[in-house]
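What follows is one structure encoded as C-alpha cells, with my remarks underneath.
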Number of protein chains: 8
Amino acid sequence: MAEVPTVDESAVNGVANLDLGRAARRGYPEAVYCEGKTPEQVRSIAEMIERAWGGSADPTADVPRTLFTRCSEEHAAALREILPDAAYFTDARLAVWPATPPEPSGGLVVIACAGTSDLPVAREAMLTAEYLGRRCELVVDVGVAGLHRVLARLDLLRSARVVVVVAGMDGALPSVVAGLVAAPVVAVPTSVGYGAAFQGVAPLLSMLNSCSPGIGVVNIDNGYGGGHLAAQIAALG
Amino acid sequence: MAEVPTVDESAVNGVANLDLGRAARRGYPEAVYCEGKTPEQVRSIAEMIERAWGGSADPTADVPRTLFTRCSEEHAAALREILPDAAYFTDARLAVWPATPPEPSGGLVVIACAGTSDLPVAREAMLTAEYLGRRCELVVDVGVAGLHRVLARLDLLRSARVVVVVAGMDGALPSVVAGLVAAPVVAVPTSVGYGAAFQGVAPLLSMLNSCSPGIGVVNIDNGYGGGHLAAQIAALG
Amino acid sequence: MAEVPTVDESAVNGVANLDLGRAARRGYPEAVYCEGKTPEQVRSIAEMIERAWGGSADPTADVPRTLFTRCSEEHAAALREILPDAAYFTDARLAVWPATPPEPSGGLVVIACAGTSDLPVAREAMLTAEYLGRRCELVVDVGVAGLHRVLARLDLLRSARVVVVVAGMDGALPSVVAGLVAAPVVAVPTSVGYGAAFQGVAPLLSMLNSCSPGIGVVNIDNGYGGGHLAAQIAALG
Amino acid sequence: MAEVPTVDESAVNGVANLDLGRAARRGYPEAVYCEGKTPEQVRSIAEMIERAWGGSADPTADVPRTLFTRCSEEHAAALREILPDAAYFTDARLAVWPATPPEPSGGLVVIACAGTSDLPVAREAMLTAEYLGRRCELVVDVGVAGLHRVLARLDLLRSARVVVVVAGMDGALPSVVAGLVAAPVVAVPTSVGYGAAFQGVAPLLSMLNSCSPGIGVVNIDNGYGGGHLAAQIAALG
Amino acid sequence: MAEVPTVDESAVNGVANLDLGRAARRGYPEAVYCEGKTPEQVRSIAEMIERAWGGSADPTADVPRTLFTRCSEEHAAALREILPDAAYFTDARLAVWPATPPEPSGGLVVIACAGTSDLPVAREAMLTAEYLGRRCELVVDVGVAGLHRVLARLDLLRSARVVVVVAGMDGALPSVVAGLVAAPVVAVPTSVGYGAAFQGVAPLLSMLNSCSPGIGVVNIDNGYGGGHLAAQIAALG
Amino acid sequence: MAEVPTVDESAVNGVANLDLGRAARRGYPEAVYCEGKTPEQVRSIAEMIERAWGGSADPTADVPRTLFTRCSEEHAAALREILPDAAYFTDARLAVWPATPPEPSGGLVVIACAGTSDLPVAREAMLTAEYLGRRCELVVDVGVAGLHRVLARLDLLRSARVVVVVAGMDGALPSVVAGLVAAPVVAVPTSVGYGAAFQGVAPLLSMLNSCSPGIGVVNIDNGYGGGHLAAQIAALG
Amino acid sequence: MAEVPTVDESAVNGVANLDLGRAARRGYPEAVYCEGKTPEQVRSIAEMIERAWGGSADPTADVPRTLFTRCSEEHAAALREILPDAAYFTDARLAVWPATPPEPSGGLVVIACAGTSDLPVAREAMLTAEYLGRRCELVVDVGVAGLHRVLARLDLLRSARVVVVVAGMDGALPSVVAGLVAAPVVAVPTSVGYGAAFQGVAPLLSMLNSCSPGIGVVNIDNGYGGGHLAAQIAALG
Amino acid sequence: MAEVPTVDESAVNGVANLDLGRAARRGYPEAVYCEGKTPEQVRSIAEMIERAWGGSADPTADVPRTLFTRCSEEHAAALREILPDAAYFTDARLAVWPATPPEPSGGLVVIACAGTSDLPVAREAMLTAEYLGRRCELVVDVGVAGLHRVLARLDLLRSARVVVVVAGMDGALPSVVAGLVAAPVVAVPTSVGYGAAFQGVAPLLSMLNSCSPGIGVVNIDNGYGGGHLAAQIAALG
C-alpha cells in the first residue's frame with residue numbers, strides 16, 4: 001500500500017485534517033462526510049487526497065478508496081473538478097475515488113431491504129461494503145406484510161456471513177430475519193414513513209428492542225455505517 | 001334488561017357519577033377505572049351498583065356486567081365487602097360483577113400474545129371480550145423471533161372475526177399477523193421490555209407504523225380497551 | 001377473480017416485489033406507498049400491474065383495485081403513462097386503477113371530520129373504504145367546540161357499522177363520538193394544528209387515552225389505514 | 001391588614017426567604033411548596049410565620065392565609081408543632097394557616113372534574129380558590145364518555161365567572177366546556193391515566209391545542225395554580 | 001344583534017359548518033382557522049358569512065367580527081374577493097370582517113412582549129382582544145436580560161385587568177411579571193429561538209412551571225388564543 | 001447435539017412456547033427473559049427444559065445452554081427447585097443451565113467498560129459470550145475522562161475479533177475505541193448516570209451518532225444482546 | 001467610553017428597546033438577535049445605534065461593538081444601509097459595528113472543532129470572543145475518531161485560559177479535551193449530523209453528561225453564547 | 001504534592017481504575033461517582049486511596065481531596081470503615097477525604113439558589129468548590145417570583161468571580177442574574193418541580209435558551225459539576 005502521508009501533510013487549509021492513516025490503523029479508509037461542507041471545502045479535500053495518493057504508480061491496486069458520503073450533486077461536481085474519474089452514485093449520494101472497488105475478500109454480505117423506498121439507504125450500504133472489499137447481494141422489497149417474500153430468500157440469507165437489514169416504518173424485518181439465520185444482523189432504520197414514524201425513530205426503537213438477539217443497530221438512514229460494520233464483520237469468511 | 005337508573009340515582013356521594021345508561025346507549029356497560037381511586041371510593045361505587053341493579057329478579061341474565069379495571073387486591077377486597085360474589089382475576093387486575101359472563105354471540109375473537117410477559121394484558125383483553133359477550137381463543141408466546149410458532153396457528157387466526165395481538169419490545173407481531181389474515185387486527189402494545197422500549201413506546205410506534213394495513217391500536221397495556229374494541233368488531237353486524 | 005401472478009412474475013426490475021396475492025390471501029389488494037419512490041419506480045410498478053392484470057377479460061369486475069397512496073402529481077403522471085384511465089384524487093393524494101369502485105357490500109362506514117383542514121385525510125379514508133367495497137357517508141366540520149353540530153348528526157352516526165373519526169388539534173372528537181354510539185370507532189389523528197400539536201402527536205395521544213372505550217387508532221394522517229380498517233370491520237361477518 | 005415584616009425578618013435560618021410582602025404586593029399571599037423540603041425546614045418556616053403574623057390581635061380577619069402545597073402528612077405534623085390549629089386536607093395535600101377561609105368576594109368559581117381519580121387535584125383547586133377568597137362549586141365525574149353528565153350541569157357552568165376544568169387521560173373536557181360557556185376556562189391536566197398518557201402529557205397537549213378558544217392551561221396536577229388563577233380572574237375587576 | 005342563522009344555513013358546500021351561534025352562546029364569535037384550508041375553501045366560507053350577516057342594516061354596530069387566523073396573503077386575497085373591506089394585518093396573519101373593532105368595554109389588557117422577534121404573536125394577541133371588545137396597550141422588548149426595561153413599565157402593568165406576556169427562548173418574562181402584579185397573566189410562548197428551544201417547547205415548559213402562581217398558558221405562537229382568553233378575563237364580571 | 005423436541009413438546013402449560021429448535025436453526029439457544037414472568041412461570045419453563053434435555057447422556061457436551069436473563073433472586077430460586085445445579089450470577093442477573101460454558105471456539109471477545117457502575121452490564125455481556133462459546137477478556141474502568149487508561153490497553157483491544165464497549169453517561173468510549181481498532185465494535189449503552197442521561201438515552205444517542213464507523217448498537221443495559229452479537233461476530237476467529 | 005444613552009433614547013419605534021447600558025453594566029455590549037426580525041427592523045435598530053454612538057470622536061477606541069447574530073445576507077444589507085462599514089462574516093452569520101475588534105486582553109481562548117461541518121459555529125464563537133476582547137486560536141477537525149489529531153495539539157490546548165469545544169454527532173470531543181486540560185471547557189453542541197442526532201440533541205446530551213467535570217454547555221449551534229462565556233472566563237489571564 | 005501512584009498501583013481488584021494522576025494533570029482530583037456502585041466497591045476504592053496517599057507525612061497539606069459524589073449513607077459507612085475521618089455531608093450526599101478543605105485561593109464563588117428545595121444541589125456545588133480551593137458564599141431562596149430578594153443581594157453577586165445559579169421549575173433565575181452581573185454564570189438545573197418540569201428538563205431548557213448570554217449549563221442536579229466548573233473559572237481571582 002502507498003505510504004501514509006504525515007500529519008502535517010494531512011492538513012487542508014485550516015479547513016480539515018484528514019485521517020489518512022486510518023486505512024493503515026483500522027484497515028478501512030476515512031470517509032468524508034459532505035453534509036454541512038461547502039463544495040469549496042470538498043474541493044480542497046479532494047486536492048489534498050490527490051496530493052497524498054495521486055503519485056502512486058498503480059492507484060487502483062494500492063490506494064485506499066476514499067468515500068464521500070451524503071454527497072450532493074454539487075459536492076460531486078466539485079470533487080470531480082479535481083478527481084474527474086471518481087465514481088458517483090446519485091441514489092446513494094455516494095462518491096468514491098478511485099472508482100473501482102478492490103478485489104473482494106472475506107464472507108458474503110447480504111443486504112435485505114423492506115420496501116422500495118428504503119432502496120437508497122440499502123444501496124449506500126451495499127456500495128460501502130463493496131468498496132471496503134466484500135462481495136454483496138441485494139434483496140429488495142421483502143417487508144413482513146407479505147411474509148412469503150422473505151421466506152422465499154431464506155437460502156440466500158442463510159449463506160451470508162452477515163445480513164444488513166434496511167427498513168423504515170415498523171422496522172419489523174430485522175426481528176424476523178434474525179430469528180431465521182445464524183449470522184449477525186446489522187439493522188439500518190430508515191426515515192421512510194410519516195406521522196408517528198418520527199423520521200425513523202419508530203423503526204430505530206423496534207430494532208433496538210428486537211425480541212431476536214443478534215442485531216446491531218446503526219443510525220437512521222446510515223447506510224454507510226451499516227455497510228462499514230458489515231464489511232468488518234465479514235472480513236473473515 | 002333491567003331498567004336504567006335515573007341520573008340522580010347515579011350520583012355517588014359527590015364522588016362519582018356512574019354512566020348507568022351506557023349499556024342501553026352503547027350496548028356495553030361502563031367500566032370503573034380503579035387506579036387513582038381509594039378503596040373507599042370503590043366501595044361507594046359498589047354500593048351504588050348494588051342499589052341500582054341488585055333488586056333484579058335474575059341478575060345473571062339481565063344485569064350488565066360492570067367491569068372494574070386496573071383493580072388492585074385492595075380495591076377488590078373493598079368491592080367484595082358489598083358485592084361478595086364478584087369475580088376477581090389477579091393476573092389481569094380485573095373484577096367483574098355479576099361474575100358469570102353472558103352467553104356468547106357474534107364472531108370469534110382470537111387473542112395472540114407475543115411473549116409470556118405479555119400474558120396479563122392478553123388475559124385482560126380476553127376476559128373483557130368474554131364479559132362483553134364474545135367467544136375467545138388465546139394463543140400464547142408466538143413472537144416473531146421463532147416465526148414457526150405463529151405460522152403453526154394460522155388456521156385458528158384465519159377463523160377469527162377479529163384478532164387481538166398483544167406485544168411488547170419490538171411490537172412486530174401485529175404486522176406479521178395482519179399480513180396473513182383478512183380480519184381486522186386490534187394491536188395492544190405492552191410495557192414489557194426495558195431501556196429504549198420506553199415503557200411500551202417502542203411497540204406502540206411499531207404498531208402505528210405497521211407496513212400491514214388493517215390495524216387499530218389502543219393504549220399501552222390497555223387490555224381492556226383492546227378487548228372492548230374487539231367485542232364491538234365481532235358483534236353481529 | 002383473475003389468477004394471481006407467481007412470485008417471479010411479481011418482481012419489478014430489482015426495484016419492487018409486489019404482493020399480488022394479497023387480495024386472494026387477505027381479501028384486500030396491496031397498496032403502493034409512493035412517498036420516497038421516484039416517478040420512474042412508480043411507472044415500473046404500473047407496468048408490472050398492467051402485465052399482471054391487464055389481460056383480464058372484464059377488469060372492472062374482477063381485478064383488485066390497486067391503490068397508490070401519498071401519490072404526488074408527478075407520481076400520478078408517471079402512473080398514467082402506463083395506466084391512462086387510473087383515477088386520481090388530488091386532495092387525498094390517492095390514485096386507483098381500475099378507476100371504478102367495486103359494488104358496495106357490508107355495513108355503512110361513516111367518516112366524521114372535526115374541521116375543514118382535516119378534510120384531505122378524511123377523504124383518503126372515505127375513498128379507500130369505497131374502493132375496498134363499502135358504502136360511505138362523510139360528515140364534515142363537527143368539532144367539539146360547537147357540540148350541537150355532532151349531536152345534530154347522531155342518527156347517521158348511530159346507523160353506521162363503524163365510524164371513522166378524523167381530527168387534529170385536541171383530538172377530542174373520537175372520545176365524544178365513541179361515547180354516543182355502539183359501533184367501533186376508528187380514530188385518525190391529523191397533523192392539523194401547530195405548536196404543541198407537534199404535527200399530530202397531541203391528537204394521537206388524546207385518542208390513545210380516550211376515556212371512551214372502543215377506539216382503534218391509526219397513524220397520524222393515515223387516512224388510508226383508517227379507511228382500510230373500517231372496510232374490514234364493516235365487511236360481512 | 002397586619003404590617004408586612006421587613007426582608008430581614010423574613011429570613012429563615014439560611015434556609016428560606018419568605019416573600020411576606022406578596023399579599024400586599026399581589027393581593028394573594030405566598031404559598032410554601034413543601035415537596036423537596038425536609039419536615040424540619042417546614043417547621044422553621046412555620047416558626048417564622050408565627051413570629052411574623054402571630055401577634056396580630058385578630059388573625060382570622062387580617063392575616064393572609066399561608067398555603068402549604070404538596071404537603072405530606074409528615075410535613076403537616078411538623079407544621080402543626082408550631083401552628084397547631086392549621087387546617088390540613090389529606091386528599092389535596094394542602095395545609096393552611098389560619099384555618100378559616102376569608103369572607104368570599106368576587107364571582108363564582110366552578111370546578112368541574114372529569115373523573116373520580118381527578119378529584120384530589122380538583123379539591124386542591126377548590127380549596128385554594130376558597131382560601132384566596134372566592135365562592136366555589138364542585139362538579140364531579142362529568143367526563144365526555146357520557147356527555148349527558150356535563151350537559152346536565154350547564155346552568156351551573158354558565159353561572160360561573162370562571163370554570164376550572166380538571167381532567168386526565170384524553171383531556172377532552174375543557175374543549176367541550178369552553179365551547180359551551182362565555183366564561184374563561186382554566187384547564188388543569190392531571191396525571192391520571194397510564195401508558196401513552198405519559199403522566200399527564202396527553203391531557204396537557206389536548207388542552208393546549210383545544211379547538212375551543214378561551215382556555216388557560218396550568219401545569220399537570222397543579223390544582224393550586226389552577227385555583228389561584230381562577231381566584232384572580234373571579235376577583236372584582 | 002343580528003339574528004343567528006340556522007344550522008342548515010351554516011353549512012358551506014360540504015366543506016365547513018360554521019358555528020354562527022357562537023357569539024350568541026359564548027359572547028364571542030367563531031374564528032376561521034385558515035391554515036390547511038385552500039383559498040377556495042376560505043372564499044366559500046366568506047360567501048356564507050356574507051349571506052348570513054350581509055343584510056344587516058348597520059353591520060359595524062351589530063355583526064360579530066369574524067376573525068380569520070393564520071391567514072396567509074393568498075387566503076386574504078380570496079377572502080377579499082367576497083368581503084372587499086375586510087381588514088388584513090400582515091404581521092399578525094389576521095383578517096377581520098367587519099374591519100372596525102367594537103366599542104371597547106371591560107378592563108385594560110396589557111400585552112408585554114419579551115423581544116422584537118415575538119412581536120407578530122403579540123400583535124395577534126392585541127388585535128384579537130381589541131376585536132373582541134377590549135382596550136389594549138402593547139409593551140415591546142422588555143426581556144429579563146435587561147430587567148430595568150420591565151421595571152420601568154410597572155405602573156402600566158399594574159393598571160391592567162389582565163397581562164398577556166409573549167416570550168420565546170427561556171420564557172422567563174411571565175414569571176417575573178406575575179411576581180409583580182395582582183392581575184392574572186396569560187402566557188404565550190413563541191417559537192422564537194433555535195436549538196434546544198425546540199420551536200417553543202422551552203418557553204412553554206418554563207411558563208407551565210413558573211414559580212409565580214397566576215399564569216394561564218396557551219399554545220406556542222397562539223396569539224389568538226392568548227388575546228381571546230384575555231378578552232374574556234377582562235370582560236365586565 | 002441432543003435431538004430437538006417437537007413443537008408440541010415445547011408448549012408450557014399455556015404459558016410459554018419455547019423455541020427449542022433455535023440452537024439447531026441459529027446455532028445459539030433461546031434465552032428466557034424473566035422480567036415480567038412470575039417465579040411460577042419460570043419454574044414451569046424449567047420443568048419443560050428438564051423434560052426436553054434432561055435425559056441426555058452427557059449434558060455438558062451436547063445440551064444447549066439455556067440462559068435466563070434479567071433473572072431476579074426469586075426467579076433463580078424457582079429455577080433451582082427444578083434445575084438445582086444451574087449457575088446464577090447475581091451481579092449480571094443471569095442464570096444458566098447447564099452451568100459449565102462450552103469449550104471456547106472462534107475469535108477473542110474483549111469487553112471494555114467505561115466505569116465501575118457499568119460493570120453489571122459488562123459482566124452480563126461477557127458471561128453471555130462465554131456461554132455461547134467464546135473466549136473473553138474484560139477491561140474495567142477505562143472511561144475517556146482519563147484517556148491514558150484505554151490507551152494502556154490498546155494491544156489487548158487490537159487483538160480482539162470484536163470489542164464490546166459498555167458505557168453510560170456521555171457514551172463516548174465506543175467512538176474512541178472504534179477509532180483505534182480494526183475490529184467491529186458492539187456498543188452497549190447503560191442507564192448509569194442521572195438527569196439528562198435519561199436512563200441511558202444520552203449514551204445511546206452518542207453511540208448511534210458516533211463519528212467513528214464500525215459500531216453496532218444494542219438496547220440500553222442489554223448486556224445479553226451485546227454478548228450474543230459479539231459471539232456471532234467472533235464465531236469465525 | 002462614550003456616554004450611555006438614556007432609556008428613552010433607546011426606544012426604537014415601538015419595535016425594540018435596546019439595552020445600551022449593558023456594556024457599562026456587564027462589561028459586554030448587547031447583541032442583536034436578527035432571526036425573526038425583518039430587515040426593516042434591523043435597519044431601525046441600526047439607525048438607533050448610529051444615533052447613540054455615532055457622534056463619538058474616536059469610535060474604534062470607545063464604542064462598544066454591537067454584534068448582530070444569526071444575521072442573514074438580507075439583514076446585513078439592511079444594516080449596511082445605515083452603518084456601511086460594519087463587518088459581516090457570511091460563514092458565521094455575524095455582523096459587527098464598529099468593524100475592528102478591541103485590543104485583546106485577558107487569557108487565551110482556544111476553540112477546538114470536531115469536524116469541518118462544525119466550522120461555522122466555531123467561527124461564530126471565535127469572532128465573538130475576539131470582538132469581546134480576547135485573543136483566540138482555532139483548532140480544526142480534531143474529532144475523536146482519529147485521536148492522534150487532538151493529542152497533537154495538547155500543548156496549545158493546555159496553554160488556554162478556557163477551551164471552547166464545538167462538536168456535533170456524538171459530541172464526544174469535550175469529554176476527551178476536558179480530561180486532558182486544567183482549564184474550564186465551554187462545550188457547544190452543533191446540529192451537524194442526521195437521524196438520531198436530532199438536530200444536535202445527541203451531542204447536547206453527551207456534553208451535559210460528560211464523565212469529565214469542568215464543562216459548561218450552551219445551546220445547540222450557539223457559537224455566540226460559547227464565545228461570550230469564554231470571553232468572560234478569560235477576562236482575567 | 002505527594003507522588004502520583006503508577007497506573008498499576010491504581011487498579012482496584014478488577015473493579016476500578018482510579019485516575020490518581022488527575023490532580024497532577026488537571027489540577028483537580030478525581031471524584032468517585034458512587035451511584036451504581038456497591039458499598040463493597042466503594043470500600044475497595046477507599047482502600048486503594050488509603051494505600052496511595054495514606055503514607056504522606058502531612059496529608060492535609062499535600063494530598064488531593066477525593067470527593068465521593070452521590071454517596072448514600074451506606075456508601076459513606078463503607079468508606080469510613082477504611083477512612084474513618086472522612087467528612088460526610090448528608091444533604092449534599094457528598095463525602096470527602098481528607099476532611100479539611102484546602103486553603104482558599106482565586107476569586108469568590110457565589111452560589112445563588114432559587115428555592116429551599118434546591119438547597120441540597122446548591123450545597124453540593126458550594127462544598128465542591130470549597131474542597132477544590134475556592135472561597136464561597138451561599139444565597140438562598142431568591143427566586144424570581146419575588147424579585148426584590150435577588151435585587152437585595154446584587155452587591156454580593158457583583159463581587160463574585162463566578163456565580164453558580166441553582167434553580168428548578170421555570171429555571172428563570174440564571175437569566176435574571178446573568179443580566180445583572182459581569183461575571184460568567186454557571187447554571188445548575190434541578191429536578192425540583194413536578195408534571196411538565198419533567199424532572200428538571202424545563203429548567204434545563206430555560207437555561208440553555210437564556211436570553212442573557214454568559215451562561216454555561218451543567219447536568220440536572222449536578223451540583224458537583226457546577227461547583228467544579230466554578231472552581232476552575234475562579235482559579236484566577
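Predicted model only: the values in this text are computed from it and were never measured. Per chain, numbering begins at 1; letters A, B, ... match sequence-line order.
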Checklist line | Atom pair CG (H:L236) and CG (G:L236), whose distance is rounded to the nearest 0.5 Å | finding: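 If we round to the nearest 0.5 Å, H:L236:CG and G:L236:CG are 7.0 Å apart.
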
Is [X] close to chain H through its backbone or its side chain, or both, or neither, when contacts mean heavy atoms under 4.5 Å?
{"X": "G:I233", "answer": "both"}
{"X": "G:V218", "answer": "both"}
{"X": "G:I220", "answer": "neither"}
{"X": "G:A183", "answer": "backbone"}

Note to self: Does any backbone or side-chain atom of H:L205 lie under 4.5 Å from a heavy atom of chain G? Answer side chain, backbone, both or neither.
What the structure shows: neither

Item checked: Residues H:L229, G:V185; criterion side-chain contact (heavy atoms from CB on, under 4.5 Å); working and verdict -> CA-CA 8 Å; H:L229 178 59; G:V185 167; over 6 Å; no

Notebook entry, point to check: Which one, G:C211, G:G179, G:S212, leads in non-hydrogen pairs under 4.5 Å with chain H?
Noted result: G:G179

Next item on the list: Step through the shown structure and confirm whether more than 12 heavy atoms of other residues, nucleotides or ligands are within 6.0 Å of CZ on G:R25.
Entry: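 Atom CZ in G:R25 is crowded, with more than 12 foreign heavy atoms closer than 6.0 Å.
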
Margin query: Does atom CD (H:E130) have a neighbourhood of more than 12 heavy atoms from anything else shown, all under 6.0 Å?
Written below: yes

Next item on the list: Decide yes or no on side-chain contact (heavy atoms from CB on, under 4.5 Å) for G:R26 and H:R158, but give the supporting numbers first.
Entry: CA-CA 9 Å; G:R26 297 195 56 187; H:R158 286 187 168 154; over 6 Å; no

Check: So which heavy atom on G:V217 is nearest to which on H:L208, and how close?
Finding: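 Reported closest heavy-atom pair: O-CD2, 4.0 Å.
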
Check: Any idea which heavy atoms bring G:Q232 and H:R161 closest together, and the distance?
Finding: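 Taking every non-hydrogen atom into account, O-NH1, 3.6 Å.
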
Checklist line | Pairs meeting criterion side-chain hydrogen bond (donor to acceptor under 3.5 Å, both in side chains) with involvement of residues 169-189 of chain H, two or more places apart | finding: E:D170-H:S175, E:S175-H:D170, H:S175-H:S210

Margin query: At a heavy-atom distance under 4.5 Å, which candidate from H:G227, H:A230, H:A178 has the highest pair count against chain G?
Written below: H:A178

Check: For the candidates H:G216, H:A231, H:A187, which exhibits the highest count of non-hydrogen atom pairs separated by less than 4.5 Å from chain G?
Finding: H:G216

Throw together a table of side-chain donor-acceptor distances under 3.5 angstrom for residues 27-34 of chain H, partners on residues two or more places apart or in other chains.
unit_1: H:E30; atom_1: OE1; unit_2: H:D19; atom_2: N; d: 2.9
unit_1: H:Y33; atom_1: OH; unit_2: H:E35; atom_2: OE1; d: 3.4

